[in-house]
Every structure is written in C-alpha cells, then in structure tokens.
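What's counted below: heavy atoms across the whole structure, side chains too, no hydrogens, waters or symmetry copies.
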Amino acid sequence: MSDPRPASSPPRCILLDIEGTIAPVSFVHEVLFPFARSRLASYLAAHWEEPALREVRAQIERDANATALERPAMVDHLLGLMDRDAKATGLKALQGLIWEGGYRDGSLRSPLFPDVPPALRRWHAAGINLRNYSSGSIAAQKLFLSNT
C-alpha cells in the first residue's frame with residue numbers, strides 16, 4: 001500500500017529516545033544510575049512508610065515473587081537488580097523517586113545534545129507530534145525531560 005501523503009509532506013510524528021538520541025548515554029550510566037545506587041539505602045530508610053514508596057515496595061515484591069521484603073533484604077535485592085541493569089518495573093519506579101529528589105534539590109540536571117533543543121522547538125512549531133520511547137518509567141522520563 002502506498003503512502004497517500006505527497007513525498008514532500010512533513011512527518012506527523014517524531015519518535016525519540018533519550019539515551020544516545022537526545023542525550024548522551026553516559027549521563028544515564030555514569031550519573032543517574034550511580035546517583036540512585038548511592039542513595040538507595042538512605043532513601044528507603046527515610047521514606048519507608050510513605051504511601052508512594054509503599055506502592056513501589058509492593059511492586060518490587062511482586063516483581064521478585066516475594067512477600068514482605070524487609071528493608072535490608074530489599075536493599076540487597078535492588079542492588080542485585082542494578083548490577084544486572086534489570087528492567088524491573090518496581091526498580092525503575094524507585095529510581096524515579098530517588099531521581100525526583102535529586103532534580104528537585106538541584107543535584108541533577110539533564111544534558112541534551114546541543115542540536116536537540118532547537119530541533120524540538122522547530123518541530124513543535126511545525127505542529128509535529130513529538131513522542132518519547134524508553135525503558136525507563138514514565139515519571140523518570142518526565143523528570144529527565146523537564147529538567148534540562
């Protein structure tokens with residue numbers, strides 16, 4: 001089936017990725033992941049009973065097919081997932097919560113390749129629908145993109 005649009009028509013949508021497309025891969029692996037890892041135990045201790053973390057803890061337990069992981073066991077489990085760069089839903093949600101604090105207090109700021117901001121502005125002005133695809137959580141993607 002042929003495309004009904006003329007060959008010169010602009011795209012209706014551009015699908016982007018964060019790592020290596022709009023920002024350096026190194027930021028995720030050399031900044032974000034170590035940031036979450038270094039604050040994991042203290043974050044869990046400080047927020048253990050908060051509703052948002054209780055939901056994430058429940059997801060981590062579901063991901064692990066475990067029930068009621070105590071804090072030390074959860075830390076060990078999560079460090080193991082981080083070592084394997086696992087794409088577990090609960091881990092990604094927890095990393096997002098930790099990064100949120102870092103973005104909020106100014107410890108984190110997302111870098112973009114220099115040609116990205118003008119391209120995004122140009123495409124947006126042209127009415128092109130911009131979308132992002134990532135293995136990270138939606139919340140983490142929003143944090144990354146809103147703190148550049």
Side-chain angles (χ1 to χ4, degrees), residues 9-148:
S9 67
R12 291 181 287 188
C13 179
I14 295 177
L15 181 63
L16 303 163
D17 186 17
I18 291 174
E19 292 183 67
T21 303
I22 66 169
V25 173
S26 60
F27 180 73
V28 174
H29 292 279
E30 296 173 10
V31 176
L32 288 180
F33 287 167
F35 185 89
R37 183 182 192 94
S38 69
R39 287 160 177 77
L40 174 66
S42 62
Y43 184 89
L44 290 176
H47 303 279
W48 190 255
E49 291 301 328
E50 292 177 10
L53 185 55
R54 269 189 286 193
E55 288 179 35
V56 170
R57 286 175 29 214
Q59 181 63 55
I60 291 166
E61 290 166 347
R62 284 191 299 274
D63 293 345
N65 292 321
T67 56
L69 286 173
E70 296 300 321
R71 197 165 60 237
M74 184 167 285
V75 168
D76 289 343
H77 171 68
L78 291 166
L79 290 173
L81 292 176
M82 289 177 178
D83 289 344
R84 295 190 306 277
D85 192 23
K87 307 297 186 209
T89 303
L91 171 63
K92 293 297 180 184
L94 178 59
Q95 287 171 324
L97 291 175
I98 295 170
W99 295 333
E100 180 179 16
Y103 281 114
R104 189 174 44 247
D105 72 16
S107 299
L108 294 172
R109 189 121 178 111
S110 304
L112 296 178
F113 292 125
D115 60 337
V116 170
L120 293 175
R121 283 191 286 275
R122 188 173 60 252
W123 295 333
H124 180 72
I128 298 171
N129 193 341
L130 301 172
R131 299 292 179 178
N132 186 65
Y133 177 82
S134 176
S135 63
S137 70
I138 292 170
Q141 292 174 63
K142 287 180 178 181
L143 281 171
F144 185 99
L145 293 168
S146 63
N147 289 280
T148 60

Practice prompt. On the 0 to 90° scale, with breaks at 30° and 60°, tag the Trp99-Phe33 ring pair as parallel, tilted or perpendicular.
Written response: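 Parallel, since the angle between the ring planes stays under 30°.
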Worksheet entry | His47 vs Leu97, side chain to side chain contact (heavy atoms under 4.5 Å, CB included): CA-CA, chis, key distance, verdict | CA-CA 10 Å; His47 303 279; Leu97 291 175; over 6 Å; no
Fill in: Heavy atoms from other residues, nucleotides or ligands near NE2 of His124 exceed 12 (cutoff 6.0 Å)
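No, NE2 of His124 has 12 or fewer neighbouring heavy atoms, counting only those of other groups under 6.0 Å.
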Discussion item. Tell me whether Tyr133 at atom OH has more than 12 heavy atoms from other residues, nucleotides or ligands lying less than 6.0 Å away.
Written reply: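 Open.
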Starting at [atom1] of [X], measure out to [atom2] of [Y] and round the result to the nearest 0.5 Å.
X: Leu78; Y: Ile60; atom1: CG; atom2: CD1; result: 4.5 Å
X: Tyr43; Y: Ser38; atom1: OH; atom2: OG; result: 14.0 Å
X: Ile22; Y: Asp17; atom1: CD1; atom2: CG; result: 8.0 Å

Check whether any side-chain heavy atom of [X] lies under 4.5 Å from a side-chain heavy atom of [Y], and answer yes or no.
X: Leu120; Y: Leu16; result: yes
X: Pro118; Y: Arg121; result: yes
X: Phe144; Y: Asn132; result: no
X: Phe27; Y: Ile18; result: no
X: Pro11; Y: Ile128; result: yes
X: Asn147; Y: Leu108; result: no
X: His29; Y: Asp85; result: yes
X: Glu61; Y: Thr67; result: no

Considering all heavy atoms of both residues, which atom of [X] and which atom of [Y] are nearest to each other, and what is their separation?
X: Ala23; Y: Pro111; value: CB-O, 3.1 Å
X: Gly20; Y: Val25; value: N-CG2, 3.5 Å
X: Arg37; Y: Met82; value: NH1-CB, 3.6 Å
X: Leu40; Y: Val75; value: CD2-O, 4.0 Å

Discussion item. Strictly below 4.0 Å, N to O, side chains only: are Lys87 and Asp63 in salt-bridge contact?
Written reply: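 Salt bridge flag = no for Asp63 with Lys87.
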Item to complete: Verify side-chain hydrogen bond (donor to acceptor under 3.5 Å, both in side chains) between Tyr103 and Ser146, making sure each step is shown before the conclusion.
Response: CA-CA 9 Å; Tyr103 281 114; Ser146 63; over 6 Å; no
Discussion item. Main chain of Leu15, side chain of Arg131: is a donor-acceptor contact present, judged purely on distance under 3.5 Å?
Written reply: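 It does not hold such a pair.
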Worksheet item: Any sub-3.5 Å donor-acceptor pair from Arg57's side-chain atoms to Trp48's backbone N or O?
Response: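 The answer is yes, because a donor-acceptor pair under 3.5 Å joins these two groups.
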Discussion item. Run the side chain to side chain contact (heavy atoms under 4.5 Å, CB included) test on Glu50 and Val56 for me, step by step, so that the C-alpha distance in whole Å, both residues' side-chain angles and the decisive distance to 0.1 Å come before the verdict.
Written reply: CA-CA 10 Å; Glu50 292 177 10; Val56 170; over 6 Å; no
Practice prompt. Would you kindly check if the NZ (Lys) or CZ (Arg) of Arg39 is within the cone defined by 45 degrees around the ring axis of Phe35 and under 6.0 Å from the six-membered ring centre?
Written response: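 Yes; both conditions hold, so Arg39 lies above the ring face of Phe35.
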